[in-house]
Amino acid sequence: MNRDWIATARTLSEALPYLQRYAGSIVVVKFGGNAMGDEEAMADFARDVVLMRQVGVNPVVVHGGGPMINDLLGKLGIESKFLRGKRVTDKATVEVVEMVLTGLVNKRIVQAIMDEGGRAVGLSGKDDDMMVCVADDPELGFVGKPVEMNVQVLRDLFAAGIIPVVAPVATGMGPNETFNVNGDTAAGAIAGALQADRLLLLTDVSGVKNAAGDIVTAMTPGEVEEMIASGVIAGGMIPKAETALKALEEGVRAVVILDGRVPNACLLELFTEHGAGSLIRSTEPRVKPRVK
């Protein structure tokens, strides 16, 4: 027999404890980065999400879309302004953000999932008042911080066998307010409100690195706080780490920061002994010891 077939069968057999472990669980996946602009990578991601749903996991996809927003702003002649590394979002900009995220990007992901045989529905944080925000920083304009979450609509979609795909655009406390929400922040808030089993933050790096530059495969919240305070976790990894800590405080069982460029990254993390990326949790044991 072909050795590849035997290896595939062995892999499926070894996945059984993990398939049993995650059956019925909720997994929130933040999807973004380079994979969003690559058709093949998008199809691979969609196939993984469909497989997760097929084996009994309830996945929620939360996505970003920064490069697409920049592209349309440029075409419309609207200048992109940043303050302390964050986009200043005025009225004109937030309208473009909403168009790109809830229209172009959201529906591409929905279509990719449907093309792989899954069922998906695209939403934004505005739908059913799922995510209600206040201004995170008045100097940034319409950049939102979630203060109220209503996730029953997501549970209803789980019950119907449908994969929710959520754009990080939210409503405000006042009439006709729209807020742009950081994708990681939105994913963390949704995971916390759902008491998700896992929050997977897909990035363009291999995970959290220690002072020696090595990937740390497992950390506690206290260790993450120490790495932030000492400057080991820095730059763009800080908001992801802070999102992970907040999600854990709100009841998410574990958060994984992993490289979305790796083929089948989500499946490697959920259904293999080795996992993928950096796992942050308090005390929960894995099915087997984490190996790298």
Side-chain angles (χ1 to χ4, degrees), residues 11 14-15 18 22 27-49 51-52 59 61-67 85 109 182-188 191 196-248 252-282 284 286-292:
T11 299
E14 291 173 351
Y18 304 99
Y22 288 105
V27 176
V28 177
V29 184
K30 161 59 192 338
F31 179 54
N34 294 329
M36 294 186 65
D38 183 290
E39 289 189 12
E40 184 175 349
M42 176 79 82
D44 288 344
F45 171 78
R47 190 177 303 114
D48 288 355
V49 172
L51 190 150
M52 289 162 62
V61 178
V62 182
H63 63 83
I109 299 172
N182 174 274
D184 291 330
T185 301
D197 191 88
R198 286 290 185 274
L199 168 60
L200 307 183
L201 299 175
L202 302 186
T203 73
D204 290 335
V205 296
S206 300
V208 179
K209 296 182 179 179
N210 60 21
D214 300 321
I215 299 298
V216 183
T217 59
M219 296 172 287
T220 65
E223 289 169 338
V224 173
E225 291 170 349
E226 290 176 5
M227 293 173 74
I228 293 174
S230 66
V232 173
I233 292 178
M237 188 57 71
I238 292 177
K240 294 185 184 298
E242 291 177 339
T243 292
L245 294 176
K246 184 170 177 56
L248 291 170
V252 176
R253 295 182 69 178
V255 181
V256 187
I257 300 173
L258 65 162
D259 191 345
R261 300 169 300 178
V262 175
N264 310 117
C266 293
L267 303 186
L268 285 170
E269 172 54 37
L270 295 177
F271 302 132
T272 73
E273 179 179 349
H274 297 276
S278 301
L279 176 76
I280 306 170
R281 65 175 178 208
S282 295
E284 177 200 358
R286 294 177 66 87
V287 177
K288 295 180 181 179
R290 191 176 182 86
V291 178
K292 279 289 182 183

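Positions are given from 1 along the sequence.
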Does the side chain of [Y] come within less than 4.5 Å of [X]'s, by heavy atoms?
| X | Y | value |
| --- | --- | --- |
| R261 | D204 | yes |
| V205 | D259 | no |
| K209 | I215 | yes |
| R198 | L279 | yes |
| P59 | D48 | no |
| V29 | V49 | no |
| T243 | K30 | no |

If you measure from [atom1] on [X] to [atom2] on [Y], what distance do you get to the nearest 0.5 Å?
| X | Y | atom1 | atom2 | result |
| --- | --- | --- | --- | --- |
| L270 | Y18 | CG | OH | 11.5 Å |
| I257 | L199 | CD1 | CG | 8.5 Å |
| L258 | L268 | CG | CG | 9.0 Å |
| K240 | T185 | NZ | OG1 | 9.5 Å |
| M237 | E242 | CE | CD | 12.0 Å |
| M227 | I238 | CE | CD1 | 11.5 Å |

Taking N210 for its side chain and D214 for its backbone only, find out whether a donor-acceptor pair lies under 3.5 Å.
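Yes; at least one donor-acceptor contact below 3.5 Å.
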Look at the aromatic rings of F45 and F31 and report parallel, tilted or perpendicular, splitting at 30° and 60°.
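It falls in the parallel class, under 30°.
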Minimum heavy-atom separation for E223 to A218, with atom names?
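Of all heavy-atom pairs spanning E223 and A218, the closest is OE1-O, 4.2 Å.
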What pair of heavy atoms forms the shortest contact from G260 to L202, and how long is it?
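Where G260 meets L202 most closely, the heavy atoms are CA-CB, 4.1 Å.
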Side chain to side chain contact (heavy atoms under 4.5 Å, CB included) with I280: which of L248, V256, L201, V252?
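It is L248; the other options fail the test.
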